[in-house]
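Inspection log for the structure reproduced underneath, given as structure tokens.
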Number of protein chains: 2
Amino acid sequence: MTTPKRVTKRRGETRQRLLDAALEVFAEQGFGRSTVEQVCDRAGYTRGAFYSNFASLDDLFLAMWEQRSTELIDGLREALATMDTARVKDVRGVVELVTPAVPVHDRWYRITAEFTAHALRNPALRSVMKTREEAIGGAITPVVAALLAKIGRETPDQVALGQALVAVHDGTAVQCLLEPDNPAVWRRRADLFERVLTAYSIETGGRT
Amino acid sequence: MTTPKRVTKRRGETRQRLLDAALEVFAEQGFGRSTVEQVCDRAGYTRGAFYSNFASLDDLFLAMWEQRSTELIDGLREALATMDTARVKDVRGVVELVTPAVPVHDRWYRITAEFTAHALRNPALRSVMKTREEAIGGAITPVVAALLAKIGRETPDQVALGQALVAVHDGTAVQCLLEPDNPAVWRRRADLFERVLTAYSIETGGRT
DNA sequence: TCGTCACGATACAAAAATGTATCGGATACA
DNA sequence: TGTATCCGATACATTTTTGTATCGTGACGA
């Protein structure tokens, strides 16, 4: 991987197609069991293209994960910004409004689970993950706090609420994915969110 | 792997040492990046021993995970049964009493994260995991409900509480492992448990 | 104590995966 | 349109990993 003086448009495309292929292959086989060649096959390239764009599978994994998770956070911000906040009347309403903005997809969950395990072994990746988790909390919490304020509830400790929401999301996601067709699990997930929001905010009476 | 008529004592030992080695190797390298030979080296055997005891790495992974997680649940039951429940006076006390019984070890977390991802790809493993999660909930919830009753709080929906506790445990575990030296994260974890226990139980006034 | 089978070591063949070095067509820029 | 160089394909050497087949030691039953 020598740094070129001039870069072509084509390069960006192949790089992207490799990143996309990686997501699919890693989700299907698991990162650990995936090979350079599998990713290249899926993308429609040979290993030559790969080694010209990435140093190793680890390198690709990190790049792919960072790209997809920033996209995910951007999408989240977007969804939160364009919500119809008019009809929210109670805590349950807040849950129902916010929940769809944070999707639970098993493909991405599998990737993240493995990336997390990977990150726990690698200090550099660990801080990448930490930053990411904070970004998610930072995107959601102010919005949720604002919605709660709208229905007359104050949020004394936004940081604590943020950590709680992320934890509940992560924890319940596995349960839902293990039994995707069991509506009771999903219902209990929503319930838990509702109770947590209630527990972390205080009724102040008047609506703003 | 032909089924032998006679089985020796030695066999059980080597099998066990392979299982133990697997835990270490998988935790260090990740299951996906581990090889049969690495496990054998660690255990002090050659591949001959491996193929005589297991059909594949997948087979070993499943066997190891089932063994360790039953041990874990047994330990949990044990710890819960021998608790000193006398000094519990409030919800916080319940949290402080129960929390140490459910350890947060990053080695085991890494294994579980990868096993979960693996299970989400494999329907057979999926139901294994589901059963396990239920067993954990089933072990903890009655004890917690009893403790809550002791301080005058009733638990209307134990199943919901169980799912909530498991989710909160899983979700906060990552956060704590990502920042093991940040006491604030651990404190917020305990806070969340306290609030959840409170939210899922109702004050009935009198103590039993 | 002897004979038999189990069990793990060793040897071997085959396959899979990696990384590099080189080549030729494509692409940017004059 | 010419030309320099970028970029991905191809070819190749090497290493890793796998699974099986065979052998010798030692355990177990009679």
Side-chain angles (χ1 to χ4, degrees), chain A residues 1-64 67 111 114 118 121-122, chain B residues 1-64 67 111 114 118 121-122:
Chain A
M1 274 231 331
T2 47
T3 321
K5 299 162 203 163
R6 241 166 43 195
V7 192
T8 61
K9 187 169 64 173
R10 182 168 57 139
R11 189 179 184 78
E13 287 167 13
T14 60
R15 187 184 156 87
Q16 188 55 51
R17 282 170 59 190
L18 284 169
L19 287 164
D20 293 347
L23 177 76
E24 297 177 17
V25 174
F26 293 172
E28 282 171 23
Q29 320 264 316
F31 165 66
R33 286 275 177 258
S34 303
T35 69
V36 173
E37 193 141 326
Q38 284 173 331
V39 174
C40 296
D41 282 355
R42 180 67 63 105
Y45 292 99
T46 61
R47 287 206 317 276
F50 177 87
Y51 285 108
S52 155
N53 279 282
F54 301 96
S56 61
L57 258 196
D58 260 70
D59 186 21
L60 172 62
F61 193 21
L62 173 58
M64 182 273 273
Q67 185 182 74
I111 301 274
E114 210 165 353
H118 201 49
R121 267 177 241 120
N122 183 328
Chain B
M1 278 236 322
T2 45
T3 320
K5 298 162 202 162
R6 236 166 46 195
V7 191
T8 61
K9 186 169 66 175
R10 183 168 63 143
R11 190 177 183 80
E13 287 167 14
T14 60
R15 188 185 157 87
Q16 188 55 50
R17 282 170 58 188
L18 284 168
L19 287 165
D20 293 347
L23 177 75
E24 296 178 18
V25 174
F26 293 172
E28 283 172 23
Q29 321 262 317
F31 165 67
R33 285 276 176 261
S34 302
T35 69
V36 173
E37 193 140 326
Q38 284 173 330
V39 174
C40 296
D41 282 356
R42 180 68 63 105
Y45 293 99
T46 61
R47 285 206 317 275
F50 177 89
Y51 286 108
S52 155
N53 279 281
F54 301 96
S56 62
L57 257 197
D58 261 70
D59 186 20
L60 171 62
F61 193 22
L62 173 58
M64 183 272 274
Q67 185 183 73
I111 301 273
E114 211 164 353
H118 201 49
R121 267 178 243 119
N122 184 327

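First the proteins, then the strands, lettered A, B, ... as listed; each starts at 1.
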Would you tabulate the nitrogen or oxygen pairs shorter than 3.5 Å linking the protein to nucleotides 22-29 of chain D?
none

Rounding to an integer number of Å, can you tell me how far A:Phe50 CZ sits from C:dT20 P?
12 Å
Residue met sooner reading DNA chain D from 5', once B:Gly48 and A:Gly44 are mapped to nucleotides:
A:Gly44
How far does OG of A:Ser56 sit from OH of A:Tyr51, to the nearest 0.5 angstrom?
8.5 Å
Hey, is the side chain of A:Asn53 poking within less than 4.0 Å of OP1 or OP2 on D:dG8, counting only N and O atoms?
yes
Taking only residues two or more places apart in sequence, or in another chain, which ones meet A:Thr46 in a side-chain contact (heavy atoms from CB on, under 4.5 Å)?
none
Output yes when at least one side-chain N/O atom of B:Thr46 is less than 4.0 Å from OP1 or OP2 of C:dT10, else no.
no
Any salt bridge (charged side-chain N to carboxylate O under 4.0 Å, His left out) pairs touching residues 12-21 of chain B, not counting sequence neighbours?
B:Asp20-B:Arg68
Which angle, to the nearest 10 degrees, lies between the helix axes at the two ends of the helix from C:dT4-D:dA27 to C:dA30-D:dT1, each defined by five pairs?
30°
Let me spell it out: for each of A:Gly12 and B:Ser56, pick the nucleotide of DNA chain D with the closest heavy atom. Which residue's pick is nearer the 5' end?
A:Gly12
Scanning both residues in full, the closest heavy-atom pair of B:Arg11 with B:Val7 reads CD-CG1, 3.6 Å
B:Phe54 and B:Leu19, any side-chain heavy atoms less than 4.5 Å apart:
yes
Write down the atom of B:Ala22, the atom of B:Leu60, and the distance for their closest heavy-atom approach.
CB-CD2, 3.7 Å
Length of the CD-P vector between B:Glu13 and C:dA6, whole Å
18 Å
What residues form a side-chain contact (heavy atoms from CB on, under 4.5 Å) with A:Asn122, not counting sequence neighbours?
A:Ala124, A:Leu125
Please report the distance, rounded to the nearest Å, between CG in B:Leu18 and C1' in C:dC7.
12 Å
Could you state the atom-to-atom distance from CG of A:Asp41 to C1' of D:dA9 in whole Å?
13 Å
Between D:dC7 and A:Ser52, is there an OP1 or OP2 to side-chain N/O distance shorter than 4.0 Å?
no
Going from CD on B:Gln67 to CG on B:Leu62, what distance comes out if it is rounded to the nearest 0.5 angstrom?
11.5 Å
Heavy-atom nearest pair, A:Ala49 first then A:Leu18, reads O-CD1, 4.1 Å
Review item, nucleotides 14-18 of chain C N/O atoms under 3.5 Å of protein N/O:
residue	atom	partner	partner atom	Å
C:dT18	OP2	A:Val36	N	3.3
C:dT18	O4	A:Arg47	NH2	3.4

Who pairs with B:Arg121 by side chain to side chain donor-acceptor pair (under 3.5 Å), at least two apart in sequence or on another chain?
B:His118
Hey, can you pull the donor-acceptor pairs under 3.5 Å for the side chains in residues 27-36 of chain A, sequence neighbours left out?
residue	atom	partner	partner atom	Å
A:Glu28	OE1	A:Arg42	NH2	2.9
A:Glu28	OE2	A:Arg42	NH1	3.3
A:Glu28	OE2	A:Arg42	NH2	3.4
A:Gln29	OE1	A:Gln38	NE2	3.3
A:Arg33	NH1	B:Gly32	O	2.4
A:Ser34	OG	A:Gly30	O	2.6
A:Thr35	OG1	A:Gln38	N	3.1

Would you kindly give the CG-to-P distance between B:Asp58 and D:dG19, to the nearest whole Å?
11 Å
Could you state the atom-to-atom distance from CZ of A:Arg11 to C1' of D:dA9 in whole Å?
15 Å
